[in-house]
Amino acid sequence: MKNSVSDRNLFIESEEDDDVDEEEEHKAQPSRAADDDDSDCSDSSSSPDDDDDDDGPPRSRPNSYSTNWPQSYRQSIDMYSSVTPPTIGFLGTPTLSRLSSSFLSSSFRGKHTPEIIASLIKPLLPTTAADLQLQDEERQSSHSLLIPPLPSRKPSLEKIQEKVSHELPVSRSCSYGQAVLNGMNVLCGVGILSTPYAVKEGGWLGLSILLTFAVLAWYTGILLRYCLDSEEGLETYPDIGQAAFGTTGRFAISIILYMELYACCVEYIILERDNLSSLFPNAQLNIGGIHLDSRLLFAILTTILVLPTTWLRDLSVLSYISVGGVIASVMVVLSLFWVGTVDKVGFQNKGTSLNLSGIPIAIGIYGYCYSGHAVFPNIYSSLKKPNQYPSVLFTSFAICTVMFAGVAVMGYTMFGESTQSQFTLNMPHNLVASRVTVWTTVVNPITKYALTLTPLALSLEELIPSNQSKSHLYAIMIRTTLVLSTLLVALSVPFFGLVMAFIGSLLTMLVTLIFPCACFLSILRHKVTRIQGLFCIIIITIGVVSSIVGTVSSISKIVDKLSQ
């Protein structure tokens, strides 16, 4: 890893015609320009910790945070969030250049190392001898990511990126409407299916928790922007963690973010199993004396179906389909309304006002609905007009909150105390609208599984020692192991609502409420006003209490379920 970092520094070092950050250029001594032509070697070997200004404190170079693990976070989360990368790579398939102009095209802010960018546009599995020979010549990094060969003179990073992929956008190019759709696509996940169950658990007054979390999550999303703007080179959530608490903070936040993504994949398997088995309850299979009932059968079939998609190095096609997450959520809301009104299932159940014993579970589920902070820095850095970021977040949160609350109210008044962890399991299957809802719910997670797992897979691939002959095999083994492990966890803890409450209580509270405030107070401690500081402390307190109460309650109920 150290060798790959030093090689990367050779590419980033600048000369007279390379792109140099404006602030560093103005700070540079006048005599340096005259010596540039004769000092390439000394420049490239200088320590990244050297000060650019002798009169000021040490300042991190732009993008110096990207040299620490995980280096692939920015690009992999871009794939997961606003995803329409310009190429598709699977078994040597060609690029789809026309797709790069899509209305949700992915944007990259600042300067990114060419080996990471190249890894995201290359196929994981080469198919021809020419492909193998080319990759053997170019593969340099420790995790089988590709970089161009080291030239005798260091070209500018833009030139390197242009050689790697001239189609990759490297500037802010996302409009207001595109950013809102990206934000909604992140927030509109499977959490919307469980909001009626959360009302059942906590009662009608528990909906105030949903609204409270919406306001607090929006505010902490704004805090992430202030953290990003506080220092040159900050681009991702792990970068913010490093700026606030050093390398330990970066590792801690990265691990928690990846745990959250992994847990979402587990939820996808449980969701597929529950909904498909409800559609085909009589499905079963006997293999070698082993009986597979409908639930086990569909869990295994779902795993077999999503496994090949995780081997894709570039996920352009799935990216386009997964953008339909917003459409899928809207369809789910409309279908539920249709079943209640046109199909005359009715909204006759009154329910209870407050159920204190179920509030902890409701807290976890409502918190899970706002687990998009891992992607917000990427959305901010892709905006054409960064000052629109607060409004973008507000619009995304407002629309999604209305959808969450609408589904919660309609679902609970339709099904009452019989409401299950996914309201799709309550819908009458003889109705067309019900089948549309269930199949929409089934298809959407399948398209998102690989996108959700890829950031974790890439981060683990970074840890692979350099081995040109086996690197691709290792990558496939890592992804296959991750997929199979999500199946095992889903079969071991097959409780969709309780697992969601656990994720929302333990992980989402950290990512959404606690860490943004803690990082904001640490990074901008000399500029924080008393009101801001007090508000951050209140949010941290709410997050800690909610996390403890929700986690303990969800774990205890999971244990009770398993012991039955």
Item to check | Heavy-atom closest contact (G202 atom, I359 atom, distance) | outcome: O-CD1, 3.7 Å

Item to check | Closest non-hydrogen atom pair between A408 and T195, with its separation | outcome: N-OG1, 3.5 Å

Checklist entry - Is the backbone N or O of I548 less than 3.5 Å from a side-chain atom of T551, with the two atoms forming a donor-acceptor pair by type? => result no

Next on the checklist: Under the criterion side-chain hydrogen bond (donor to acceptor under 3.5 Å, both in side chains), I'd like the reasoning laid out for Y262 against S485: C-alpha separation, chi angles, the key distance, then a yes or no.
Outcome noted: CA-CA 10 Å; Y262 179 85; S485 67; 2.7 Å; yes

Checklist entry - Quick one: CD1 on I255 to CD on E260, what's the gap to the nearest 0.5 Å? => result 14.0 Å

Next on the checklist: Once rounded to the nearest 0.5 Å, what's the spacing between atom CG of L498 and atom CD1 of I365?
Outcome noted: 8.0 Å

Checklist entry - Going through the distances and angles, do I269 and Y449 end up as a side-chain contact (heavy atoms from CB on, under 4.5 Å)? => result CA-CA 9 Å; I269 299 292; Y449 185 97; 4.0 Å; yes

Checklist entry - Got a donor-acceptor contact below 3.5 angstrom from the S230 side chain to the C227 backbone? => result yes

Next on the checklist: Has E462 got a side-chain atom pairing as donor or acceptor with W69's backbone, closer than 3.5 angstrom?
Outcome noted: no

Checklist entry - Roughly how far, to the nearest 0.5 Å, is the CD1 atom of I531 from the CZ atom of F535? => result 11.0 Å

Checklist entry - Considering only heavy atoms from C-beta outward, does the side chain of V552 approach that of P360 to under 4.5 Å? => result no

Checklist entry - Pairs in or reaching into residues 536-545: which pass side chain to side chain donor-acceptor pair (under 3.5 Å), with residues at least two apart or in two chains? => result none

Item to check | Y176 atom OH, neighbour heavy-atom count above 12 within 6.0 Å | outcome: yes

Next on the checklist: Do M184 and V330 make a side-chain contact, defined as non-hydrogen atoms from C-beta onward lying under 4.5 Å apart?
Outcome noted: no

Next on the checklist: Does any part of the side chain of S329, heavy atoms only, come nearer than 4.5 Å to the side chain of M403, both counted from C-beta?
Outcome noted: yes

What side-chain donor-acceptor pairs closer than 3.5 Å can you find for residues 510-528, not counting sequence neighbours?
residue, atom, partner, partner atom, Å
T512, OG1, Y370, O, 3.2
T512, OG1, T508, O, 3.0
S522, OG, A244, O, 2.8
R525, NH1, S522, O, 2.3

Next on the checklist: So which atom in T486 and which in C265 form the shortest heavy-atom distance, rounded to 0.1 Å?
Outcome noted: CG2-CB, 4.0 Å

Item to check | Residue pair A263 / I503: nearest heavy atoms and the distance that separates them | outcome: CB-CD1, 3.3 Å

Next on the checklist: Once rounded to the nearest 0.5 Å, what's the spacing between atom CD1 of I379 and atom CZ of R225?
Outcome noted: 14.0 Å

Item to check | For A243 against E231, the heavy-atom pair lying closest together | outcome: CB-OE1, 4.2 Å

Item to check | Heavy-atom side-chain contact between V199 and Y366 under 4.5 Å | outcome: yes

Item to check | side chain to side chain contact (heavy atoms under 4.5 Å, CB included), paired with V180, selected from S175, S391, S396, C174 | outcome: S396

Checklist entry - Any donor-acceptor pair under 3.5 Å linking the side chain of S553 with the backbone of V549? => result no

Item to check | Sub-4.5 Å side-chain heavy-atom contact between I256 and L507 | outcome: yes

Which pairs would a plain distance check flag for residues 186-193, meaning a side-chain donor or acceptor within less than 3.5 Å of a matching protein atom at least two apart in sequence or in another chain?
none

Item to check | By ring-ring contact (aromatic ring centres under 6.0 Å, His included) - contacts of F245 (at least two apart) | outcome: none

Checklist entry - Counting distance only, does the side-chain N/O of Q242 pair as donor-acceptor with the main-chain N or O of D239 below 3.5 Å? => result no

Item to check | T529 side chain to Q532 backbone, donor-acceptor under 3.5 Å | outcome: yes

Checklist entry - Given the rule in the side-chain contact (heavy atoms from CB on, under 4.5 Å) test, do L453 and L261 qualify, once you have shown the distances and angles that lead to the verdict? => result CA-CA 7 Å; L453 193 70; L261 293 177; over 6 Å; no

Next on the checklist: Determine whether a donor-acceptor pair (N or O, by modelled atom type, separation under 3.5 Å) exists between the side chain of T401 and the backbone of A398.
Outcome noted: no

Item to check | Separation of N378 CG from L383 CG (nearest 0.5 Å) | outcome: 11.5 Å

Next on the checklist: Does L211 form a side-chain contact (heavy atoms from CB on, under 4.5 Å) with L207? I'd like the steps, not just the answer.
Outcome noted: CA-CA 7 Å; L211 301 178; L207 279 173; 5.8 Å; no

Checklist entry - Does the pair Y368 and C264 meet the rule for a side-chain contact (heavy atoms from CB on, under 4.5 Å), with working shown? => result CA-CA 10 Å; Y368 183 92; C264 288; 3.4 Å; yes

Checklist entry - Where the side chain of S505 meets the backbone of F502, is there a donor-acceptor pair that is under 3.5 Å apart? => result no

Item to check | Pairs meeting criterion side chain to side chain donor-acceptor pair (under 3.5 Å) with involvement of residues 212-222, two or more places apart | outcome: T220-H373

Checklist entry - Is the closest side-chain heavy-atom distance between L482 and T310 below 4.5 Å? => result no

Checklist entry - With a cut-off of 6.0 Å (strictly less than), are more than 12 heavy atoms of other residues, nucleotides or ligands near CZ of F496? => result yes

Next on the checklist: Under 6.0 Å between ring centres: does that hold for Y389 and Y380?
Outcome noted: yes

Next on the checklist: If we ignore hydrogens and angles and just use 3.5 Å, is the side chain of S459 paired with the main-chain N or O of L456 as donor and acceptor?
Outcome noted: yes

Checklist entry - Which residues satisfy the salt bridge (charged side-chain N to carboxylate O under 4.0 Å, His left out) test with E201, sequence neighbours excluded? => result K557

Next on the checklist: For a 4.5 angstrom cut-off between non-hydrogen side-chain atoms, does M509 reach S546?
Outcome noted: yes

Checklist entry - Do the non-hydrogen side-chain atoms of R479 and L458 ever get within less than 4.5 Å of each other? => result yes

Checklist outcome for this item: To the nearest 0.5 Å, atom CG of L463 lies from atom CD1 of I478 at 7.5 Å

